[in-house]
Amino acid sequence: MSGVVIVGAQWGDEGKGKIVDVLTQKADVVARYQGGHNAGHTVVINHEKFVLHLIPSGILHKNKLCVIGNGVVIEPSALIEEINGLKERGVDVGKNLIISKNAHLIMPYHIAIDNAHEEMRGSRKIGTTGRGIGPTYVDKMARTGIRVVDLYYPKVLKEKLDANLWEINFLLKNRYKTKGFTTNGILKKYMGYAEKLSRYVADTDIIINAMIAKQRKVLFEGAQGTLLDVDHGTYPFVTSSSAVAGGACTGLGVGPTKISKVLGVVKAYTTRVGGGPFPTEIMGGVGEELRQRGGEYGATTGRPRRCGWLDFVGLRHALRVNGLTGIAITKLDILDALGTIKVCVAYKYGNSIHKDFPKEFSLLEEAMPVYEEIEGWKESTVGIKKFEKLPRNARKYIKQIEDTLDVKVDMVSTGQRRDELIMLREQF
């Protein structure tokens with residue numbers, strides 16, 4: 001049995017797309033288990049950049065089954081656009097992509113509610129991408145959601161839309177002072193989507209479990225990161241789904257006994273998009289240098305990412321709630337120019353020092369980082385493929401990460417390209 005979960009160990013944007021792309025070479029199946037098209041995975045192959053939002057990055061390999069699981073929320077037009085964009089670039093999507101019947105659909109009113117509600121929050125904005133992700137998950141939990149399978153039962157879809165729009169239009173018009181929607185308008189558009197997506201729709205849980213039973217190698221791909229998880233992140237400044245490793249089970253219909261490894265992806269520094277507390281954030285100076293050198297702008301929105309030092313407090317939390325069996329360090333090369341590197345080993349609030357990630361939002365806002373300084377290496381690591389070829393201080397930095405977290409570093413990324421990587425331990 002080989003089921004490996006790839007999970008972000010920070011606030012997302014850790015470089016999971018590249019790690020999945022590399023590991024897909026030995027996998028048979030790549031399955032996405034949560035999130036929506038608010039996420040973006042960037043993969044560079046032969047100097048050609050691909051940005052994927054819903055489709056697993058395994059699609060860039062031939063003969064790899066790619067699954068969009070029931071835990072993902074899908075905006076049909078965005079998915080169709082992504083499929084068409086890949087086809088135009090010569091990627092064979094038709095034979096390799098399947099979509100869960102049970103995945104929930106983002107409807108036009110979800111997007112309208114998302115944007116109107118975020119605007120009303122004023123200075124307490126969450127930083128949502130405004131793509132309807134949160135309201136779709138709200139409807140899912142409220143048992144009023146519309147799923148992919150409903151597209152193929154027009155009578156059922158119409159009944160659900162009639163029931164939903166009675167309340168939603170009242171909300172849009174009376175609370176948010178914006179126009180509502182009509183059943184027929186949505187129905188006509190979504191029936192068009194149904195025709196274009198029908199060839200991909202399947203009972204994905206049955207297929208994945210059958211593949212596992214045949215000893216096939218499966219990669220479970222998450223979006224966002226641990227500190228954005230709806231249960232274990234910096235609530236309320238989080239995403240709306242379970243980004244941690246446990247989300248792979250519910251988001252794909254696979255039991256926990258089918259998972260053999262959990263690989264946490266860790267950027268060599270820390271970034272965050274949108275609002276919310278960020279104890280190790282660097283304002284100006286080095287923070288701006290990291291942003292420019294690392295190209296730290298959102299793959300989906302283009303928003304500049306906030307940049308800061310590596311945070312061991314948050315990483316220990318990620319290690320625990322995911323049960324990480326190893327980590328992959330990305331963007332080590334972005335630190336090449338720094339003479340001094342800081343790492344946060346604890347938080348201070350009030351007169352006390354704490355090494356555990358606080359559950360209290362007020363404490364996290366108040367937290368001051370306790371830093372240790374490490375001497376930088378001031379030489380290029382770009383493209384290095386053997387650990388012993390890294391500069392001495394770069395090796396020391398990686399060793400400190402291993403020792404502090406008590407977990408092995410399995411991979412080190414030394415550049416954007418697929419082949420710019422040090423593989424220390426195989427996952428399959």
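Annotation for Gly36 and Ile133: closest pair CA-CD1, 3.9 Å, computed over non-hydrogen atoms. Heavy atoms only, all atoms of each residue included: Pro391 and Thr381 are closest at CD-CG2, 3.6 Å.
Few gaps surround CD on Glu388; more than 12 heavy atoms of other groups in view lie less than 6.0 Å from it. Around CE of Met191, the count of heavy atoms belonging to other residues, nucleotides or ligands within 6.0 Å exceeds 12. Within a 6.0 Å sphere centred on CG of Asp403, heavy atoms belonging to other residues, nucleotides or ligands number more than 12. More than 12 non-hydrogen atoms from other residues, nucleotides or ligands lie less than 6.0 angstrom from NZ of Lys87. Within a 6.0 Å sphere centred on CD of Gln416, other residues, nucleotides and ligands contribute 12 heavy atoms or fewer. The number of heavy atoms from other shown groups lying within 6.0 Å of CZ (Arg89) is above 12. Heavy atoms from other residues, nucleotides or ligands lying under 6.0 Å from CD of Gln25 number more than 12.
Formation of a donor-acceptor pair under 3.5 Å by the Arg425 side chain with backbone atoms of Val409 is found in this model. Under the 3.5 Å distance criterion, the side-chain polar atoms of Glu366 are matched with a main-chain donor or acceptor of Gly350. Of the possible polar contacts, one joining the Glu82 side chain to the Ile55 backbone as a donor-acceptor pair under 3.5 Å is found. No donor-acceptor pair under 3.5 Å is formed between the side chain of His232 and the backbone N or O of Asn322. A donor-acceptor pair is defined here as one N or O able to donate and one able to accept, closer than 3.5 Å; such a pair exists between the side chain of Ser260 and the backbone of Gly3. Looking only at distances, no side-chain donor or acceptor of Lys217 sits under 3.5 Å from a matching main-chain atom of Phe428. For Asn164 (side chain) and Thr144 (main-chain N/O), a donor-acceptor pair under 3.5 Å exists by modelled atom type. Under the 3.5 Å distance criterion, the side-chain polar atoms of Asn209 are matched with a main-chain donor or acceptor of Gly253. A donor-acceptor pair under 3.5 Å is formed between the side chain of Thr330 and the backbone N or O of Glu14. Side-chain atoms of Gln400 never come within 3.5 Å of backbone atoms of Tyr397 as a donor-acceptor pair (strictly under, hydrogens ignored).
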Quiz prompt | Worked verdict on Val345 versus Thr404 for side-chain contact (heavy atoms from CB on, under 4.5 Å) | solution = CA-CA 9 Å; Val345 296; Thr404 303; 5.6 Å; no
Practice problem: Show the numbers, then the answer: is there a side-chain contact (heavy atoms from CB on, under 4.5 Å) between Leu79 and Ile99? | Solution: CA-CA 10 Å; Leu79 178 56; Ile99 303 165; 3.5 Å; yes
Self-check item: Evaluation steps, side-chain contact (heavy atoms from CB on, under 4.5 Å), between His37 and Ile106
Solution: CA-CA 10 Å; His37 66 311; Ile106 298 172; 3.8 Å; yes
Practice problem: Output, in order, the C-alpha distance, side-chain angles, deciding distance and verdict of side-chain contact (heavy atoms from CB on, under 4.5 Å) for Thr204 and Leu252. | Solution: CA-CA 7 Å; Thr204 53; Leu252 287 162; 5.6 Å; no
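Ring geometry, Trp309 versus Tyr371: the interplanar angle exceeds 60°, so the pair is classed perpendicular (tilted spans 30 to 60°). Taking the six-membered ring where tryptophan is involved, the planes of Phe181 and Tyr109 are perpendicular, since the angle between them exceeds 60° and thus also 30°.
At a cut-off of 3.5 Å, with distance as the only test, a side-chain donor of Gln292 or Tyr297 sits close to an acceptor on the other residue. Side-chain polar atoms of Glu360 and Tyr349 form no donor-acceptor pair below 3.5 angstrom. A side-chain N or O of His110 and one of Asp139 form a donor-acceptor pair less than 3.5 Å apart. Using modelled atom types, one finds a donor on one side chain and an acceptor on the other under 3.5 Å when comparing Ser413 with Lys18.
Between Leu290 and Leu338, the closest side-chain pair of non-hydrogen atoms falls below 4.5 Å. Between Ile83 and Leu97 the shortest side-chain heavy-atom distance falls below 4.5 Å. Side chains of Tyr137 and Val230 form no contact here, defined as non-hydrogen atoms less than 4.5 Å apart. Between Val201 and Leu151, every side-chain heavy-atom pair lies at or beyond the 4.5 Å cut-off.
Between Asp13 and the options Arg305, Arg272, Lys331, Arg306, a salt bridge (charged side-chain N to carboxylate O under 4.0 Å, His left out) holds for only Arg305.
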